[in-house]
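The next block holds one structure in the form of structure tokens; read it before the comments.
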Amino acid sequence: MPAAPFAERARFDARDKVLGRTQFTADIQLPDMLYAMSVPATIAKGRVRSVAIDEAMKIPGVVRVLTAKDFLAPIPPPRGATGMAAAPAVPTIVPDIAYRGAPVALVLAESIEAAVQGAEAIQATYAPSASFSPLITSEGAAREPSEPVKAGNAAEAMARAATIVEAEYECPAQHHNPIETLSTTAVWSGGRLTIYEATQGAQVVKANAAKSLALDPAIIDVKSSYIGGGFGQKGTAQRQTALVARAAMLTGRPVKLVMPRGQVFHNATFRPLSRHKIRIGADASGKMVAIEYDADHQQSRGGQFPPQYHESQPQMYGVADYDGTTANVRIDTQAPGYMRAPHPHPASFAFEGVVDELAYKLGKDPVAFRLAHDAKVDPVSGHPLSSRFLNECIAQGAERFGWSRRSQAPGSMVLADGTQVGFGVACGAYPAITSANIARLRVSADGSTRFAVSAHEMGQGIRTVIAQALLRQLDIDPAKLDLQIGDTSLVPQHLTAGSWGTASVLPAIDAVAAKMKAAIEELLAGRQIDGNLHRKLATVRRPYIEVEVSTLAPGQEERALLGLRAAGYALAGPEYPAFTTFSYIAHFAEVHVEPRTRRVRVPRVVSIADCGRVVSLRTAVSQVRGGVVWAIGSALREETEVDPRFGGWLNNDLADYVVPVNADIGDIDVSFIDRPDPLLNATGSKGLGEVAMVGAAGAVANAIYHATGRRLRRMPIRIEHLL
Amino acid sequence: MQPFTYTMPRTVAEAIAAFRQAGPDASYIAGGTSLYDVMKLDIVRPRHLIDVSAIEGLDAIETGRDQLRFGALARMSAVATDKTLLRDYPVLAESLWKAASQQLRNMATVGGNLLQRTRCLYFRNGTGNPSSVGLYPCNKREPGSGCAAIGGLDRGQAVLGQSDACTAVSPGDWPVALTAMDATVELAGPDGSRAMPIAELYRLPGDTPHLEFMLQPGEIITAIIVPKTPAGRRSTYHKIRDRESYAFALASAAVALDMDGDHVRRAHVALGGVGTRPWRARAAEQLLVGQRLTPESALTAGRAALEGARAGKHNGFKVDLGARTVADALMIAAERSA
């Protein structure tokens, strides 16, 4: 039976955070610790010829400088390995420079100031490559087709279409910019390597550090307590980890690196530029019948982040015939990677734009047009969609937003001062994925509870979700509840990303709670003892009970747990054996465009999400607000820019990579359908963090069209595009 | 950032003496919001910092006499919230509170603000430093090395006053408002004290873009004087940027109007964000004299303000945007009661 709605609960860690007690990874201080500073390459491609360290070593406080010769060749992946296990090790410091900013040396010093001064004093010489390809349009860019996604026969269906709209959209390269930049602290002691890293994937870091440093993973522990923003950048192994770990091993002292933001722009994974060519055909009645969609994106020479832009578009509007193609365009850059709603965000900006174009071309209201395209079946797998309340999201959103006050013609809503007003709608979906999980719970007679489980806290509120679910099941003292997550020394840690955190932890909580209740029942053997579990244990003089469980996604095989233990990767969905399931959202945006200087304001957004059962309303609302804020940033502000003569990223700081500020954000009204998915898990919870952002940028762009009559197909939309 | 010595004199005379003693590698520092930034980026490398912020009596705001006088050490936040300014010279107050963030305005001084360095990306990110990563030629940073912004990503670059050696925008807001309002700066230095119209403080880049200010070595700004004018009340600082706050101007306009009914008796117009120095628009001012102010005549004046503008690859929009910004500023100012 699906779980009842959850009551509101304050954030589990709110008090500590407000009091400044929460220790983020970049805050760690250890006795005898060395500070590291990485030295970035200043060429776009080539080879390091020499690194002179003498001047740096003269600086008081500089202890040692590591260069390529201090690193060993990594162990190649085991034969027959697949998935993440087969991925090549992240390079350490190597003489070959694949992109500007790659580390050429690591300076270790007694203070951060000495480390920085030492890094400035390093003199590297290079043999630059004769040419390099910094843009997808550069000579030497290599287009490489990737996996297609097809359903039915789109060409045949398109041939029968009465109305066709075709357009090309583009999304720029963007960077995550969490407040806490990449940070790693490593300790080599007693034959064990302990890595404190702000990561969403402690097991991923462990596996990759082992490969990069040719170590047995069994001697490595990775701990990620609180992360100052991850957004997917901290989900994959990044360049700094093995450097810092090696430095700790060579010096025998703890070593800490907090990478400067400019270097993070150059070394960390980022959202690649992507291009989207879309044709949608509608029949004579105005029903969408065929979709052809070709997507490509910028890729590094060896990068593996796939161009999966057909992750949720085929399931949006019940179109049976879909032809989705993809390609990587390989150039000289660092590897791109996952950034919030990695594929559906850019894909929905493009797709929902073309849907909007088609609605206008057909003379239809964009809300009514979408409502007329409900879906029951996933055309790709043929499975039923297990819970889909997108139309409920659209209808409720239209009501709350006051969509009926809109007039259809672009440019028809004008304020007295000439400001143009536009209403826009766009929708999104995101796969509901589940990871296998392992959890261990200890309830003690002294009133304490320790719960170790696979999850990471990026600020999204996973600790609040865990506490909410655990405390509903077990009568334990919330004040002495210790939630131990992100720590590979306790239980294996899945990569916490892709909105699967909640749906993956809830089954583990259900299982561990049931096992604990059974163990206590067995212990009491029929005796009735009043009070909470701690009191019961104390009464029978039992110091504690500990239970461990492992859980699997629907239809998942037991061996998935091997993947979880090895590399933190044990995923299933959104296609499960008998059903497919997604989370959905509808966004409505109002924009105001100034008559003369053409600034775009977004005074309000209404967002209604279907993420199944909502476990923690407070953190869920916060997730959606954050997603909408970022989508406004994406639509109107953010782009990382490359000067092709030099390579690298030019606007590599928070002053010039323009994210929204408070004054840019108006009212964001969030609510939820809150109806459980009947098949995915007992609680009926899907995911939310990713879908929150999907479609919101499209809603803004569609509103700008409605306000001005200008269809702008490239993000970000800036003043110069509307003058 | 290299190590430096640090002294904190108590008087202007002590500060100048400290500078003479320290020699050419010395730099004055007040709020530090700009200097520390360019030091961390390895753009400037002073060996001696002379912190003038403890000098007494240099932070006064005097509005009661026949001119406005701002001590160089008055904080931006203090001047921005001065009640007389808010009522009688909104152009000055607005230029300050639309700059930076509250935290920075609490630190930064109105004297130091006049000497802020450009935000040109190639200037800032080009030293190959561990923080900035890029390595770009820049005549302002390294004379004779070339200008990477020319032919590059020049969306933010100047369209007025640029040379073949440099297109970097003068970044300030407050200097633009002061330029419109005919301000004078008071200086003290090894050779004594003097006063200079603010328009003369800023050089055009020409073929020496590394020389930005008409200051002698060891000279320090002690005060800013603004003559009182009835145009002050009908004034505004209008700033257009890539976000609502915490950003430098793409285009800005400081305007003040002396009106006779709906006709302009005298206009003050200066632009920011588009020029290599605060840009006084005399042609626009003259065009407005005697005119009835309408959205159309305001835009004509705006176009005159951008006369002679030359665009690069990506900043052509600034010519149009600058004209429109002036036009909107004129209409906003005219709405205000004298």
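Quantities reported herein were computed from a predicted structural model and do not represent experimental measurements. A, B, ... follow the sequence lines: proteins, then strands. Residue 1 opens every chain.
- Taken from CZ in B/Arg47 to CZ in B/Phe4, the straight-line distance is 12.0 Å, to the nearest 0.5 Å.
- Applying the salt bridge (Lys or Arg N to Asp or Glu O under 4.0 Å) test to residues at least two apart or on different chains, none of the pairs has a partner in residues 96-107 of chain B.
- For a residue to count as touching a neighbouring chain, one of its non-hydrogen atoms must lie under 4.5 Å from one of that chain's; by this rule B/Ala323 does not touch chain A.
- Of the charged side-chain nitrogens involved, at least one lies within less than 4.0 Å of a carboxylate oxygen, so that B/Arg292 and B/Asp262 count as a salt-bridged pair.
- Of the atoms belonging to B/His314, not a single heavy atom falls under 4.5 Å from chain A.
- Residues A/Gln240 and A/Thr184 have side chains that bring a donor and an acceptor to within less than 3.5 angstrom of each other.
- Side-chain contact between A/Asp332 and A/Tyr99 is absent, with no heavy-atom pair separated by less than 4.5 Å.
- With a threshold of 4.5 angstrom between heavy atoms, B/Ala251 does not approach chain A through any atom at all.
- Note on B/Ala247, B/Pro295, B/Gly316: by heavy-atom pairs under 4.5 Å with chain A, the leading option is B/Pro295.
- The shortest side-chain heavy-atom distance between A/Pro716 and A/Pro172 falls under the 4.5 Å cut-off.
- Among all heavy-atom pairs drawn from B/Leu293 and B/Leu330, the shortest one is CD2-O, 3.6 Å.
- Residue B/Leu250 holds its CG atom at 8.5 Å from OG1 of B/Thr325, rounded to the nearest 0.5 Å.
- Donor-acceptor pairing under 3.5 Å is lacking for the side chains of A/Tyr657 and A/Asn652.
- At distances below 3.5 Å, not a single donor-acceptor pair connects side-chain atoms of A/Thr419 with backbone N or O atoms of A/Leu415.
- For the side chain to side chain donor-acceptor pair (under 3.5 Å) with A/Thr269, the lone residue among A/Gln238, A/Arg239, A/His175 that qualifies is A/Gln238.
- Residues of residues 124-137 of chain B lying within less than 4.5 angstrom of chain A, judged on heavy atoms, are B/Arg124, B/Asn125, B/Gly128, B/Asn129, B/Pro130, B/Ser131, B/Ser132, B/Val133, B/Gly134, B/Leu135, B/Tyr136, B/Pro137 in numerical order.
- Between A/Phe265 and A/Phe270, the ring center distance fails the sub-6.0 Å criterion.
- Residues of residues 630-644 of chain A lying within less than 4.5 angstrom of chain B, judged on heavy atoms, are A/Arg637, A/Glu641, A/Val642, A/Asp643 in numerical order.
- When side chains are defined from C-beta on, A/Val107 counts as touching A/Val62, because their heavy atoms get closer than 4.5 Å.
- Heavy-atom pairs under 4.5 Å with chain A were tallied for B/Tyr122, B/Phe248, B/Tyr246; the largest tally goes to B/Tyr122.
- Counting heavy-atom pairs closer than 4.5 Å to chain B, the top-ranked of the candidates A/Thr42, A/Ile43, A/Leu650 is A/Leu650.
- Contacts of B/Lys318 with chain A are absent, with no heavy-atom separation under 4.5 Å from either backbone or side chain.
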**Message:** Could you walk me through whether A/Gln334 and A/Asn267 satisfy the side-chain contact (heavy atoms from CB on, under 4.5 Å) test, starting with their C-alpha distance in whole Å, then the side-chain angles of each, then the deciding distance to 0.1 Å, before giving a yes or no?
**Reply:** CA-CA 6 Å; A/Gln334 85 265 34; A/Asn267 279 291; 5.9 Å; no
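- Residues of residues 658-668 of chain A lying within less than 4.5 angstrom of chain B, judged on heavy atoms, are A/Val658, A/Val659, A/Val661, A/Ala663, A/Asp664 in numerical order.
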**Working for side-chain contact (heavy atoms from CB on, under 4.5 Å), residues B/Leu306 and B/Leu271** = CA-CA 9 Å; B/Leu306 270 292; B/Leu271 291 99; 3.5 Å; yes
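- With 3.5 Å as the limit, one finds no donor-acceptor pair spanning the side chains of B/Ser297 and B/Thr300.
- The parts of A/Arg596 that come within reach of chain B are both its backbone and its side chain, each placing non-hydrogen atoms under 4.5 angstrom from that chain.
- Nearest heavy-atom pair, A/Ile112 versus A/Ala36, reported as atom, atom and distance to 0.1 Å: CD1-O, 4.4 Å.
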